[in-house]
Visitor: 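Handing you a structure now.
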Amino acid sequence: QVQLVESGGGLVRAGGSLRLSCAASKTIFSINAMAWYRQAPGKQRELVATITSGGSATYADSVKGRFTISRDNAKNTAYLQMNSLKPEDTAVYYCNAPYIGFEYWGQGTQVTVSS
């Protein structure tokens with residue numbers, strides 16, 4: 001099994017930056033892809049960014065150019081660098097990793113962006 005723990009959320013002003021971390025309980029070398037999702041109040045969970053084991057990344061149009069996903073296999077950690085934050089980025093952010101036919105989720109970390 002894999003446990004994922006997110007951290008780094010908080011309250012920031014519009015235009016500010018945050019760096020989210022997702023620490024895995026096992027090596028992420030064997031995890032082909034990791035992703036960040038977010039869920040705002042009253043809205044469905046949406047995919048924010050993905051990254052493969054080879055480092056290929058994809059982004060939602062709403063965050064493209066502002067967010068950067070990365071992973072450090074040696075530290076068993078994935079990251080989401082968020083720059084130029086907007087109030088509409090306010091949400092609970094979740095780390096996701098498929099492993100041996102099951103999708104694992106972190107507990108989520110709150111990101112609040114004030115105008």
Side-chain angles (χ1 to χ4, degrees):
Q1 293 186 329
V2 177
Q3 291 182 334
L4 304 174
V5 180
E6 302 98 332
S7 62
L11 174 64
V12 298
R13 289 184 175 181
S17 299
L18 284 174
R19 189 191 191 209
L20 306 184
S21 298
C22 173
S25 61
K26 294 184 178 181
T27 176
I28 62 173
F29 175 79
S30 61
I31 302 177
N32 291 326
M34 300 188 71
W36 286 96
Y37 287 75
R38 67 185 181 187
Q39 187 166 23
K43 296 184 178 180
Q44 293 185 321
R45 190 170 300 184
E46 65 173 330
L47 179 64
V48 176
T50 65
I51 186 167
T52 68
S53 59
S56 180
T58 65
Y59 300 92
D61 289 341
S62 59
V63 306
K64 194 173 300 180
R66 300 187 298 118
F67 290 11
T68 302
I69 187 172
S70 62
R71 60 192 288 173
D72 187 336
N73 292 336
K75 296 181 178 180
N76 293 334
T77 302
Y79 304 94
L80 184 68
Q81 178 67 46
M82 305 184 295
N83 298 325
S84 301
L85 283 163
K86 304 174 181 179
E88 50 263 44
D89 294 320
T90 295
V92 177
Y93 284 71
Y94 298 90
C95 183
N96 168 265
Y99 184 71
I100 312 181
F102 188 86
E103 288 197 354
Y104 291 86
W105 295 87
Q107 83 288 349
T109 185
Q110 176 71 49
V111 172
T112 302
V113 184
S114 62
S115 60

Visitor: Show the numbers, then the answer: is there a side chain to side chain contact (heavy atoms under 4.5 Å, CB included) between Q107 and V5?
Guide: CA-CA 6 Å; Q107 83 288 349; V5 180; 4.0 Å; yes
Visitor: Starting from the C-alpha separation in whole Å, work towards a yes-or-no answer on side chain to side chain contact (heavy atoms under 4.5 Å, CB included) for L85 and F67.
Guide: CA-CA 9 Å; L85 283 163; F67 290 11; 3.9 Å; yes
Visitor: Does the side chain of W36 come within less than 4.5 Å of E6's, by heavy atoms?
Guide: yes
Visitor: Quick test of your reading of the model: are K64 and D61 salt-bridged, counting only N-O distances below 4.0 Å?
Guide: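 Here K64 pairs with D61 in a salt bridge, since their nearest N and O are under 4.0 Å apart.
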Visitor: Taking the side chain as everything from C-beta on, heavy atoms only, tell me whether E88 gets closer than 4.5 Å to V113.
Guide: no
Visitor: Atom CG of L18 and atom CD of Q81: how far apart are they, to the nearest 0.5 Å?
Guide: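 The CD atom of Q81 is 8.5 Å from CG of L18, to the nearest 0.5 Å.
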Visitor: So does E46 have more than 12 non-hydrogen atoms from other groups sitting under 6.0 Å from CD?
Guide: yes
Visitor: Any side-chain heavy atom of Y94 within less than 4.5 Å of one from N96?
Guide: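 Y94 does not reach N96 side chain to side chain.
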Visitor: To the nearest 0.5 angstrom, please state how far the CG atom of L4 sits from the CD1 atom of I31.
Guide: 6.5 Å
Visitor: Using side-chain heavy atoms (C-beta onward) and a distance below 4.5 Å, is S53 in contact with R71?
Guide: yes
Visitor: With side chain to side chain contact (heavy atoms under 4.5 Å, CB included) as the test, would you mind laying out the steps for R38 and V63 before giving the verdict?
Guide: CA-CA 12 Å; R38 67 185 181 187; V63 306; 3.9 Å; yes
Visitor: Can you give me the closest heavy-atom contact between S84 and S17, atom names plus distance?
Guide: N-OG, 4.3 Å
Visitor: Output all residues satisfying ring-ring contact (aromatic ring centres under 6.0 Å, His included) with Y37, sequence neighbours left out; order by chain, then residue number.
Guide: W105
Visitor: Does atom CD of E103 have more than 12 heavy-atom neighbours, drawn from other residues, nucleotides or ligands, at distances under 6.0 Å?
Guide: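 Count over threshold, so yes.
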Visitor: Specify the closest pair of heavy atoms between P87 and S115, including all atoms of both residues, with the distance to one decimal.
Guide: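 Shortest heavy-atom contact: CG-CB, 3.9 Å.
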Visitor: Taking all non-hydrogen atoms of both residues, which atom of G108 and which atom of V92 are closest, and how far apart?
Guide: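 For G108 and V92, the tightest heavy-atom pair comes out as CA-CG1, 3.8 Å.
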Visitor: Set out, in order, the CA-CA distance, both residues' side-chain angles and the distance that settles side chain to side chain contact (heavy atoms under 4.5 Å, CB included) for T90 and Q110, then state yes or no.
Guide: CA-CA 8 Å; T90 295; Q110 176 71 49; 4.0 Å; yes
Visitor: Quick one: closest heavy-atom pair of L47 and A35, and the distance?
Guide: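 It is CD1-CB, 3.9 Å.
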Visitor: Measuring only between side-chain heavy atoms, which start at C-beta, is D89 closer than 4.5 Å to R66?
Guide: yes
